[in-house]
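A short write-up of the structure that comes next.
Atoms within each ligand, like the ligands themselves, are counted from 1 in listed order. All residue numbers in this chain count up from 1 along the given sequence.
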Amino acid sequence: MNWTHKDLLDIESLSIEEIRHIFQTSSRFIEINSRSIKKVPILRGKSVVLFFAEPSTRTKTSFDMAAKRLSADSFSLASKGSSLQKGESLKDTVLTLEAMKPDAIVMRHSLSGSAGFIARHLKCSVLNAGDGWHAHPTQALLDGFTLSRTWGDDFQGKTLLILGDIAHSRVARSDIKLFTRLGCRLRICAPRTLIPHDIRNWPVEVYHDLYEACREVDAVISLRLQLERQEAGLLPDIREYSVRFCLGQRHLETAAPGVKIMHPGPMNRGVEISSNLADSKDSLILDQVESGVAVRMALLYLYLARPKHEQEIPEV
Ligand code: CP
């Protein structure tokens, strides 16, 4: 496939064929990551800036590891310790970074739309590592890829439940777009205060009772309470939330056999998901992390390898 995109900002801009191509390419990198020597020379001479203006463990580390395993050089900038703290604007920050001639900037920022904003000003590729409530496309791709490793290519007719703080979640928005495109039926379950105001326009069934929501589902994605994005008063208290919405084994008695359990992390055990379930045999939470490195290797390869139409992953 001739990869023509400059930037990865959201799921909407990817066709179903492109999503499947990302999954196929990621499978190659799962194999490479299982070798004793995990480094391949595909992106030798390329450089990637990891600009994370919000905290991250999984996304930042896996992009860093992905770049290094492809032999690209990676450089990190956090807002703390950068000249953003001296009042430099986002636009001036990224123009300054681009003047150092990276091939891509991977950015996480609290402002929805910030990745699209910088992409319009930059010639290098921009990969969105999460912008406000808007999108987290690489998380959705790794979630889809993780399930494809269990289910194969056939997502048609599968029912997925996304549970928790939907209103403030960029993961929910990107996952819903991805899994709808793959042919899944989507449910969401949350307290009324954590359901987005424009929910009528979303292709989902809405539940407020977790037992009802889990009936016959094939996978559940539990989400973190995004307390840093919530205005006060949306929840009476965390304990009351966990009594009604903390996913436990008892909720899954009427789910489909072999129902898969996922969480993008970081998780609050005992608040969004019970510890036993997070560590159970049907939990894919650490598989998601493993998939994250492979998917981000696939994305860096597709967006940065040149000339795109001639590149094959070398057999080394
Ligand atoms: N899922 C996710 O984005 O995790 P981090 O915040 O640790 O990157």
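Atom NZ of Lys91 has 12 or fewer neighbouring heavy atoms from other residues, nucleotides or ligands inside a 6.0 Å radius.
Of all the atoms in ligand 1, the ones that sit under 4.0 Å from a non-hydrogen atom of Thr59 are 2 (C), 3 (O), 4 (O), 5 (P), 8 (O). In summary, the atoms of ligand 1 found under 4.0 Å from a heavy atom of Gly265, numbered by their order in the structure, are 1 (N), 2 (C), 4 (O). Atom numbering of ligand 1 starts at 1 in the shown order; those under 4.0 Å from a heavy atom of Thr57 are 5 (P), 7 (O), 8 (O).
Of all protein heavy atoms, the one closest to atom 4 (O) of ligand 1 is Arg58 NE, 3.1 Å. Among protein heavy atoms, the minimum distance from atom 6 (O) of ligand 1 is reached at Arg108 NH1, 2.9 Å.
With respect to Asp279 and Arg269, a salt bridge is recorded, a charged nitrogen being found less than 4.0 Å from a carboxylate O. The existence of a salt bridge linking Arg215 and Glu212 is confirmed by a sub-4.0 Å separation between a basic side-chain nitrogen and an acidic carboxylate oxygen. Under a 4.0 Å N-O distance rule, the pair Lys60/Asp64 does not qualify as a salt bridge.
An N or O contact shorter than 3.5 Å is missing between Lys60 and ligand 1 by distance.
Atom CG of Leu186 is separated from atom CD1 of Ile162 by 5.0 Å, given to the nearest 0.5 angstrom.
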